[in-house]
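What follows is a short report on a single structure.
Chain identifiers are assigned alphabetically (A, B, ...) following the order of the sequence lines, protein sequences preceding nucleic acid strands; residue numbering begins at 1 within each chain.
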Number of protein chains: 2
Amino acid sequence: MDSVAVENYLKSIWELGPDDVATQDLAQLLNVAPASATKMVQRLTERGLVKHIPYKGASLTSEGRRRALSVVRRHRLLETFLSQTLDLGREQLHEEAENLEHGLSTELETVIANYLGNPERDPHGHPIPGPNGELPIDEDLLLSDCSLNQYLVVTQVPDRDPELLTWLEKNGIFPGIKLKIVSRDDFGGGINVSLEDSSIQISTSVANEVYVKLEND
Amino acid sequence: MDSVAVENYLKSIWELGPDDVATQDLAQLLNVAPASATKMVQRLTERGLVKHIPYKGASLTSEGRRRALSVVRRHRLLETFLSQTLDLGREQLHEEAENLEHGLSTELETVIANYLGNPERDPHGHPIPGPNGELPIDEDLLLSDCSLNQYLVVTQVPDRDPELLTWLEKNGIFPGIKLKIVSRDDFGGGINVSLEDSSIQISTSVANEVYVKLEND
DNA sequence: TAATAGTTTTAGCCAAGGCTAAACTTTATA
DNA sequence: TATAAAGTTTAGCCTTGGCTAAAACTATTA
Ligand SMILES: [Mn+2]
Ligand SMILES: [Mn+2]
Ligand SMILES: [Mn+2]
Ligand SMILES: [Mn+2]
């Protein structure tokens, strides 16, 4: 079994990938010094889970990816389970799942997945990998890439930043909601969207973390 | 925050206590070499969580006890939560809680406790410590200590051994069940109990792990 | 009460996973 | 294109939590 540290590194490399991941980015995401990240990346390379090209970056081998996706699966199943059983807001889920994901046995993972009806997405709309690390293809569109006046449905919101998530929630943006981009502020940077019965401005950086699909399935 | 190892040592010392705990017993419960247990006990003594009298044994300080009970609370709340939401048998709960207990935040602990209605016992009948480490007084009687022909109600069964727990369950012995000791096999060692509509023989070693109370409240 | 068995501690080792400071590469800038 | 800045790796250190083997202590038993 991988240690908590190893699981966190693998998951982080996956999240920052699939391109070569910079030592700095990895270190920052994990709150460790760059030297620590380098050392761990080297250890994972020894173990055949990572490919490291010095001064260039790190990427997962297929075995590394499999294990990373196993952590992601546990994380997202836990988020879904907690949101379904307890009355937690979408912004509280990530942090809790982050702690619990390493302690979930394969057996309990299966029981929870069945209990939930083997869901394909978590409460943020993130796809849940299958038990063998199959990742459902994800063809959602970045909100910021969409054209004006198309009818869209939100499919994914980010999960890491509770502040942002609370703001999105308060303004009616979460998976399932319909919206339309009505205009772009090309310089102020941002887009104006209209929802069912309100309309708000969303900065580019936020629009870069929200995914949508076209309304007609 | 205490590490996983520290939490496990504190909980184990509590479980083996309150008398001075022998190095060997501690090592065995935690699956480590006696020398490892000695070393950790010394570290915990440094930190003021344990009192160690060399060659005699280890016991918890009041701060050590508080932290141990916090782990026990998380463990027992998790067992209760899992048994209530998923359809796990009583014999599967302990192992899962053992892994998850270290990843449960204080906030989620509170949410779960409220969701469950702040229960006083877990599915094995073990008392759940309060949020500040108050342990409900436990005046249950050892089944093996009870006299013949008293009307008894099972209050606690052990949680560690899935085999045993499955056996108990199959024979109708679990918290809430009424029974009566009808005779003792003083030499074959064991007691004969009659339940609602069956009667079985229970070895002394098992009867030493089952607690009961008198039927009239 | 002296030898022996059992238990505990000490000594010395190791791997994991952190850190800082210094050295080295790569990239950007003058 | 030379130099400076930014990013990365190496070197060397530390703590935690394991281990085994040997030494020390305690309890038992002859
Ligand atoms: Mn998440
Ligand atoms: Mn999520
Ligand atoms: Mn238990
Ligand atoms: Mn229990």
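For DNA chain D, the span of nucleotides reached by chain A at under 4.0 Å from its heavy atoms goes, 5' to 3', from D:dG7 to D:dT10.
For the residue pair A:Thr80 / A:Asp122, no side-chain donor-acceptor distance below 3.5 Å is found, with atom types taken as modelled. Using modelled atom types and a 3.5 Å distance limit, the side chains of B:Gln156 and B:His124 yield no donor-acceptor pair. Looking at A:Arg74 and A:Ser70, their side chains do bring a donor and an acceptor atom within 3.5 Å of each other.
Put simply, B:His52 has a side-chain N or O that comes within less than 4.0 Å of OP1 or OP2 on C:dT9. Residue A:Ser36 has a polar side-chain atom (N or O) positioned under 4.0 Å from OP1 or OP2 of C:dC19.
Atom CD of A:Gln42 and atom C1' of C:dA15 are 16 Å apart (whole Å). The nearest whole Å value for the distance from the CE atom in B:Met40 to the P atom in C:dT10 is 16 Å. Rounded to an integer number of Å, the gap from B:Ile53 CD1 to C:dT7 P is 19 Å. In this structure, the NZ atom of A:Lys39 is 6 Å from the C1' atom of C:dG17, given to the nearest Å. Rounded to whole Å, the distance from OH on A:Tyr55 to C1' on C:dT27 is 14 Å.
When each of B:Ala5 and B:Pro54 is assigned the nucleotide of DNA chain D with its nearest heavy atom, B:Ala5 is the one assigned upstream, toward the 5' end.
Residue-environment remark: CD (A:Gln150) exceeds the threshold of 12 foreign heavy atoms within 6.0 Å. Remark: B:Glu134 CD is packed, more than 12 non-hydrogen atoms of other residues, nucleotides or ligands lying under 6.0 Å away. Other residues, nucleotides and ligands place more than 12 heavy atoms under 6.0 Å from the CD atom of A:Glu169.
Electrostatic pairing of B:Glu15 and B:Arg160 counts as a salt bridge here, judged by a charged N lying under 4.0 Å from a carboxylate O.
Using a 4.5 Å heavy-atom threshold, the side chains of B:Leu108 and A:Glu95 count as separate.
When each of B:Glu101, B:Glu109, B:Glu7 is tested with B:Arg73 by the rule salt bridge (Lys or Arg N to Asp or Glu O under 4.0 Å), just one qualifies, namely B:Glu109.
If you check residues 10-35 of chain B against DNA chain C, the residues with a heavy atom closer than 4.0 Å are B:Ala22, B:Thr23, B:Gln24, B:Pro34, B:Ala35, listed by number.
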